[in-house]
Amino acid sequence: MSVTEVYCRYGTLPASTDKANRPLPSTTVLVPVERADGWAEVVSGVDFSGYLVTARRVMDLPEGVVVRGR
């Protein structure tokens with residue numbers, strides 16, 4: 001499993017008629033971390049957006065086997 005902090009800048013999109021802030025294209029910053037602990041680092045120029053967690057599917061385990069984190 002891998003965990004990545006996701007950051008980006010927010011603002012109104014060019015040519016947008018609404019005033020809603022949205023993630024701005026080409027401002028994404030990805031920071032690999034050991035775990036999602038709720039204490040994201042401050043990254044200059046961008047705001048923390050959330051975590052991207054990639055997990056591998058475990059298949060063909062014997063019945064009754066429980067898989068826990070590493």
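Nearest heavy atom pair, residue Met1 against residue Arg56, reads N-NH2, 3.6 Å.
For residues 18-38, the set of pairs meeting the ring-ring contact (aromatic ring centres under 6.0 Å, His included) definition, not counting sequence neighbours, is empty. Residue pairs that meet the salt bridge (Lys or Arg N to Asp or Glu O under 4.0 Å) test with at least one member in residues 16-25, sequence neighbours left out, are Asp18-Arg22.
Not counting sequence neighbours, the partners of Thr27 by the side chain to side chain contact (heavy atoms under 4.5 Å, CB included) test are Cys8, Arg9, Leu24.
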Distance-only criterion, 3.5 Å: show the donor-acceptor pairs between side-chain atoms of residues 31-54 and protein atoms not counting sequence neighbours.
unit_1	atom_1	unit_2	atom_2	d
Asp37	OD1	Trp39	N	2.9
Ser49	OG	Tyr10	OH	2.9
Tyr51	OH	Gly38	N	3.0

